[in-house]
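The structure appears below as structure tokens.
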Amino acid sequence: MGILDGPTPLDSLFTKHDGNITHSWTLQVETEVEVYKLYKEVLDTDDLNNVTLERERHLNYLLSGSKGLNKYFVVLDASRPWICYWVVHALDILGRTIEPDFMRGCIEMLSKYQNPTGGFGGGFGQLSHLAASYAAVNALAVFGTQEAYDVIDRENLYKWLLSLKQPDGSYIMHKGGEVDVRGVYCALSIAVLTNILTPELIEGTPEWIKKCQTYEGGIGGVPGIEAHGGYAFCGLAAMELMGTSEKLDISKLLRWAVSLQMPLEGGFQGRPNKLVDGCYSFWVGGLYPLLETITLRQQLREKKQAIKSSACQLLFNREALQEYILIAAQSQKGGLVDKPPKGPDFYHTCYCLSGLSTAQNHVVYDIEKASELERQGKLNATARSLLWAEDVSGRLVIGKEENLVVCKRSILDEK
Amino acid sequence: MTLSPYDLKSNYGDVTPIDQDDGPSPIAPIAYSTEYSTAMAYFRALVRNNEKSKRALDLTSDIIKHNPAHYTVWNYRQQILFTLDENLTKELEFVKGLARDNPKNYQLWHHRQVIVEKLSDSSKELEFINEVLDDDAKNYHAWSYRQWINTHFNLWDDELPFIDTLLKDDVRNNSAWNHRHFVVFHDLDAIDESLIQSEINYTKEKIRQTPNNISPWNYLRGVLEKSSRDIQELESFCKEFTDNDINSMGWLVDIYENRAKNGDDQAKEDAIKICESLANKYDTIRKAYWEYRKDEIAAPSS
């Protein structure tokens, strides 16, 4: 049951002001009105079963943009591998086979951005950057060809990663750059995908991430700062790769994560009292498969009768999130958006679709296999990243059957 | 003002520009203005020659205006500023000029931090941050930078009055609540019973103003966590609210669950009942979560 077919009438779902109208409340209700109009239209025409993922339009949007961008995109000139990743990942989720010429163009471009001292820059002649390298390595992993893998200079990549590591376990984003949780997640994702992870790369890192968990339960960019959906995903995924999620207060994290789903909109906000944004469909939505497996492990450890251990236990409203993505976040001209009435961009297209995949599909972590590997002393981050598999019986798709997109194992964000 | 290709050629004519090479068929190539692509070609050449000069500094200003997210250019700019021993107070003005249009740019805030750290002077910082927060009181970068300033320069005195003003203006400003927690609990030695009590009273008052506002409810949890006090004592406070208030209901679930763990069967029953009404009536968007909580409370523990 989502929002449109849920027990509460749409009109009763607006945020109450408690007699105290503030800026936050006003912005919130303005957003609710925009979404409400779109939902009402579907309700009035009794069309919930015909809600459609506009696959062709999104493909056109992605493919035409990837041919070339106008001069105003210069602000993304230090994020060229990101553009590549957003497009390639979105195409992949939509089930589109990537053409060999297109792939070759990307691979050659990314190889130009790799620096001889290790890592990838945001463009030609730019300093190596963790986020750019994350995007480049993940895009190459989506391609998955020998040609793609051969681009990566793993030896220097490793030296470069080590050079960014701080004594407290955190990472700077680039030489002379800022520290935040993104850095740790990017570094780990890169190291696992290229199989260069060593204990040196993560020494002190779980302890540092733990310091980023706030009283609210979520994870902030650095210790002390407000918990935030994007950083929470980076922090939890990093902890899970390191096998150290249990250091966090998981029930507190879970309570915070569920509080971010909006009662009227169905999508997620990134922080309490902020507005819904399609990109958190992934950053917050992606927390749930991780939380599910962590909780299950905990129940097994406490030898509690695992509660409905075989059933899907994704603890957010999967249908409501799909309603937001499909009814409120699809742009008429193709591409997906932050929130209506904004226009589309590659970033939101990528993360709305990733979120859609997370809401429709169910991925499970093979806990038994993990315990077995652990007994043999073989459970490392690479092994952990490979223990995720699709559980077809846990699918849940709203609207047309063909809305189903490709299932992704969310921990590394690529395949 | 940005430099024209003509200016660039006459100022940097002695260096051989390095053209961009993205391979034969890059994805999503950007149709750069000639100004930008020419400036970048000279920038790459100056970097290769390791030239740290006034004209190189000018070139970085120029490129940053086109693309404030150009972290490589910012980084080189820092090296030039420090090598030439430039006036760093003037540099703060440069950052301020850009902040108006780019308040959410990572590089700009980091650059400011690097400069201020070098200057060892925080006198202009709170005013600068306040201006940004005036436009967007939840700007994540501004809060993050503010916390660095507080810690690095040991500046705490203005914080609580400032937060109070923000919360009077918008009690739903979660960033301000988070900052309150950061400030109040920064000095672990200063935490005593009276501090905890006064924070609890303050927060209860704000909750009574807007019960539907999750921010102070979360803050209250944060305060209790820092003390030895138990959430049980909040039971009567939670009962002040109507029986359809989801925040107080969620608290009661926790309170009764705790009690149930100590063998109180009535509390267990009450907790389950509240989970059911949250799941089925008052907080249906979180139905899966409340059912999970219910199962957890009902399950016999080993």
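Keep in mind that the numbers below use all heavy atoms, side chains included, and drop hydrogens, waters and symmetry copies. The chains referred to below are lettered A, B, ... by the order of the sequence lines, with proteins before strands, and numbering in each begins at 1. This is a predicted model, so every value here is computed, not measured.
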Among the listed options [options], the residue most often paired with chain A at heavy-atom distances under 4.5 Å:
options                              : answer
B/Pro26, B/Ala31, B/Gly222, B/Gly23  : B/Ala31
B/Val223, B/Asn102, B/Asn75          : B/Asn75
B/Phe182, B/Tyr36, B/Tyr71, B/Tyr289 : B/Tyr71
B/Ser215, B/Ala137, B/Pro211         : B/Pro211

Contact check, side chains of [X] and [Y], non-hydrogen atoms, under 4.5 Å:
X        : Y        : value
B/His181 : A/Thr214 : no
A/Phe124 : B/Arg44  : yes
B/Tyr32  : A/Asp77  : yes
A/His17  : B/Arg172 : yes

Quick check against the 3.5 Å criterion: does B/Tyr140 have a side-chain atom that pairs as donor or acceptor with the backbone of A/His228?
no
Could you go through A/Met262 and B/Ile285, starting from their C-alpha distance and side-chain angles, then the distance that decides it, and tell me whether this counts as side chain to side chain contact (heavy atoms under 4.5 Å, CB included)?
CA-CA 8 Å; A/Met262 310 302 274; B/Ile285 187 85; over 6 Å; no
Any chance the side chains of B/Asn174 and A/Glu226 put a donor and an acceptor closer than 3.5 Å?
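Side-chain D/A pair, B/Asn174 to A/Glu226: present.
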I'd like to know if the side chain of A/Asp180 pairs up with that of B/Tyr106 as donor and acceptor (distance under 3.5 Å, no hydrogens or angles considered).
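There is no such pair between these side chains.
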Residue part contacting chain B, namely of [X], when any heavy atom lies under 4.5 Å:
X        : answer
A/Tyr288 : neither
A/Val222 : side chain
A/Thr295 : side chain
A/Asn70  : backbone

Worked check of side chain to side chain contact (heavy atoms under 4.5 Å, CB included) between B/Asn213 and A/Asn273
CA-CA 8 Å; B/Asn213 175 12; A/Asn273 282 322; 2.8 Å; yes
At a heavy-atom separation under 4.5 Å, does B/Glu225 approach chain A through its side chain, its backbone, both, or neither?
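Side chain only.
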Under a 4.5 Å heavy-atom cut-off, does chain A meet the side chain of B/Trp290, its backbone, both or neither?
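When you check distances to chain A, no heavy atom of B/Trp290 falls under 4.5 Å.
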NE2/B/His152: more than 12 non-hydrogen atoms of other groups inside 6.0 Å:
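Yes, NE2 of B/His152 has more than 12 neighbouring heavy atoms, counting only those of other groups under 6.0 Å.
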Should we say atom CZ of B/Arg48 is surrounded by more than 12 heavy atoms from elsewhere, each under 6.0 Å from it?
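No, CZ of B/Arg48 has 12 or fewer neighbouring heavy atoms, counting only those of other groups under 6.0 Å.
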Between A/Arg104, A/Lys252, A/Met1, A/Met173, which residue shows the highest count of heavy-atom pairs closer than 4.5 Å to chain B?
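Most heavy-atom pairs under 4.5 Å with chain B: A/Lys252.
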Please test B/Glu291 against A/Gln313 for side chain to side chain contact (heavy atoms under 4.5 Å, CB included), starting from the C-alpha separation and ending with a verdict.
CA-CA 10 Å; B/Glu291 284 181 345; A/Gln313 259 196 81; over 6 Å; no
Listed by chain and number, what are the side-chain contact (heavy atoms from CB on, under 4.5 Å) partners of B/Thr284, not counting sequence neighbours?
A/Pro7, A/Thr8
